[in-house]
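The model shown is predicted, which means the values in this text are computed figures rather than measured ones.
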Amino acid sequence: MGERPTYDEYFMKMAHVVSERSTCLRRKVGAILVKNKHILSTGYNGAPKGMKHCEEVGCLRQKMKVPSGHRHELCRGLHAEQNAIIQAAVFGISIKNSILYCTNTPCVVCVKMLINAGVNEIVYSGTYPDELARAMIKESGIKIRKI
């Protein structure tokens, strides 16, 4: 019998499982907000509730050959981190002092939301090309680490 995974490994594995629900054609991302070793909420990237998914209507950013990390406003989907924050809000769950486990580093829009929501730490496994996001994380004092 193998060694038991650490909590970090366990929660990151769960973020990857959540990412499988994504309907994005370019990048499947999953996010989990955790506090005191309890999952508060989850999110994956995709279209808002009741809206057609990119799998059905196509990807405007892909059609326009927009590089990754640019022109977020052209995407019809919400990011995994945004959906995790929204899910917590819908159910009245405070995410202050929580940890975000995400399959990728957040973009600048998500970083600003995480800062204002009071998230203390970001744990990720893959990177996303957004230099401003990295600078804002550093300035905010949010702890960030890769596993």
Any chance you could lay out the side-chain contact (heavy atoms from CB on, under 4.5 Å) test for R134 and D130, step after step, and finish with the verdict? CA-CA 7 Å; R134 282 192 268 288; D130 193 325; 5.5 Å; no
Does the side-chain contact (heavy atoms from CB on, under 4.5 Å) test come out yes or no for T23 and E56, once each step is laid out? CA-CA 9 Å; T23 57; E56 300 170 82; over 6 Å; no
Pair Q82, C110 - check side-chain contact (heavy atoms from CB on, under 4.5 Å), show working. CA-CA 6 Å; Q82 294 167 350; C110 292; 3.7 Å; yes
Under the side-chain contact (heavy atoms from CB on, under 4.5 Å) criterion, do C102 and V29 qualify, and how do the steps go? CA-CA 7 Å; C102 195; V29 180; 3.7 Å; yes
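With hydrophobic clusters built from ILVMFWY side chains whose heavy atoms lie under 4.5 angstrom apart, I147 shares a cluster with V34. Following chains of ILVMFWY side-chain contacts shorter than 4.5 Å, one can reach L132 starting from L100, so the two form part of one hydrophobic cluster. Connection of L33 to I115 is established within a shared hydrophobic cluster, with ILVMFWY side chains joined at heavy-atom distances below 4.5 Å, either directly or through further cluster members. Taking hydrophobic clusters as Ile, Leu, Val, Met, Phe, Trp and Tyr residues chained together by side-chain heavy-atom distances below 4.5 Å, I144 does not share a cluster with I32. Linking ILVMFWY residues whenever their side-chain heavy atoms come closer than 4.5 Å, directly or via other members, places I122 and I85 in the same cluster.
Here the side chains of K35 and I99 are not in contact, with every heavy-atom distance at 4.5 Å or above. Residues C107 and H79 have side chains in contact (heavy-atom distance under 4.5 Å, counting atoms from C-beta outward). Within the 4.5 Å cutoff, no side-chain heavy atoms of N120 are placed close to those of I142. Proximity of K13 to P5: side-chain heavy atoms (C-beta onward) are nowhere separated by under 4.5 Å. Counting heavy atoms from C-beta on, the side chains of I95 and V119 come closer than 4.5 Å.
Atom SG of residue C75 and atom CZ of residue R61 lie 6.0 Å apart, to the nearest 0.5 angstrom. Annotation: the span from K49 atom NZ to I86 atom CD1 amounts to 9.5 Å, rounded to 0.5 Å. Atom-to-atom distance recorded for L74:CG and K63:NZ is 12.0 Å, nearest 0.5 angstrom.
Side chain of R76 to backbone of P48: no donor-acceptor contact under 3.5 angstrom is found. With hydrogens and angles ignored, the 3.5 Å screen pairs a side-chain donor or acceptor of K28 with a backbone N or O of C24. Distance alone, capped at 3.5 Å, is enough to place a donor-acceptor pair between the S22 side chain and the N45 backbone. The main-chain N or O of S41 is never found under 3.5 Å from a side-chain atom of Q87 such that the two would form a donor-acceptor pair. Listed for the K37 side chain is no donor-acceptor partner under 3.5 Å among the backbone atoms of Y7.
Contact detail for A133 and P106: the closest heavy-atom pair is CB-O, 3.4 Å. Scanning both residues, Y44 and N83, for their nearest heavy atoms gives O-ND2, 2.8 Å. Across all non-hydrogen atoms, the minimal contact from G43 to V18 is O-CG1, 3.2 Å. Summarising the geometry of E81 relative to N104, their closest heavy-atom pair is OE2-O, 4.2 Å, with the distance given to 0.1 Å. Taking both residues in full, the closest heavy atoms of G30 and S19 are given as N-CB, 3.3 Å, listed atom of the first, atom of the second, then distance.
Contacts classified as ring pair (Phe, Tyr, Trp, His ring centres under 6.0 Å) and involving residues 80-115 (residues at least two apart or in different chains) are given here: F11-Y101.
For R145, the CZ atom sits in a packed shell: over 12 heavy atoms of surrounding residues, nucleotides or ligands are nearer than 6.0 Å.
Taking a 4.5 Å side-chain heavy-atom cut-off between Ile, Leu, Val, Met, Phe, Trp and Tyr, the cluster of V17 contains only that residue.
R27 and S68 share a side-chain donor-acceptor pair at under 3.5 Å.
By the salt bridge (charged side-chain N to carboxylate O under 4.0 Å, His left out) test, R71 pairs with E73, sequence neighbours left out.
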